[in-house]
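I have placed the structure first, in the form of structure tokens, so that the comments after it can refer back to it.
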Amino acid sequence: MISVGDYLSFVDDALNGMVTIVAELGDDLANRRLDVPDSNAPFAVLTHCLGVMEYWVGSLIAGRHIERDRAAEFRATGTVPALVRQTRRARGQLEDDLAGFDPFAPPLALPLAAHLRRCPEDADLPLTRTQGGVLLHVYEELAQHRGQMESCRDVLLAPWAIRV
């Protein structure tokens, strides 16, 4: 397992990339969904990523009680400066939550049990076995959604894009 500092470096790269995307888009485009089924606005995707960090690390590693409304993350709208501030706070909380991190310890059971009731297909994944597996899952989500945001940004800023 890599050090917490090295892990946070990868997280910082992903978060900074997502913040750059919403900043490039500005308030209007950052809150716009593509005209395709199940599309999510870049603002909502970054909000969801902050929810992923909060839930998975905050509850499964740090043991904090997290009330999460995942569906609301995907409906989130707002201003880019407010989202940037929220991202910086979430990054600071992530570092605090990793203070007692043990990569080989099991994740905390109660939040994980609730997740497995909703997603039984995750039962055999590493995220169910170790806190290190939880961290890799969080990074997987950040990297995946950063790519989604990059594609969305490219379409929203394309010269041929229809803006209503």
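In this view, His145 and His48 satisfy the ring pair (Phe, Tyr, Trp, His ring centres under 6.0 Å) rule, not counting sequence neighbours. For the side-chain hydrogen bond (donor to acceptor under 3.5 Å, both in side chains) test, residues two or more places apart in sequence or in another chain that qualify with Arg91 are Asp12, Glu95. Taking Ala71 as the reference, Asp69, Arg75 meet the side-chain contact (heavy atoms from CB on, under 4.5 Å) condition, with sequence neighbours excluded. Residues that satisfy the salt bridge (Lys or Arg N to Asp or Glu O under 4.0 Å) test with Arg146, not counting sequence neighbours, are Asp13, Glu150. In terms of the salt bridge (Lys or Arg N to Asp or Glu O under 4.0 Å) criterion, Arg70 has no residue partners (sequence neighbours excluded). Scored by the side-chain hydrogen bond (donor to acceptor under 3.5 Å, both in side chains) test, Arg33 finds Asn40 as partners (sequence neighbours excluded). In this structure, the side-chain contact (heavy atoms from CB on, under 4.5 Å) partners of Asp102, at least two apart in sequence or on a different chain, are Phe104, Ala105, Gln131. Remark: Thr128 pairs with Leu112, Leu116 by the side-chain contact (heavy atoms from CB on, under 4.5 Å) rule, at least two apart or across chains. Annotation: side-chain contact (heavy atoms from CB on, under 4.5 Å) contacts of Asp27 (sequence neighbours excluded): Thr79, Val80, Pro81. When the side-chain hydrogen bond (donor to acceptor under 3.5 Å, both in side chains) test is applied to Gln144, no partner is found at least two apart in sequence or on another chain. With sequence neighbours excluded, the residues forming a side-chain hydrogen bond (donor to acceptor under 3.5 Å, both in side chains) with Gln93 are Asp97, listed by chain and number. Every residue was checked against the salt bridge (Lys or Arg N to Asp or Glu O under 4.0 Å) condition with Glu141, not counting sequence neighbours, and none meets it.
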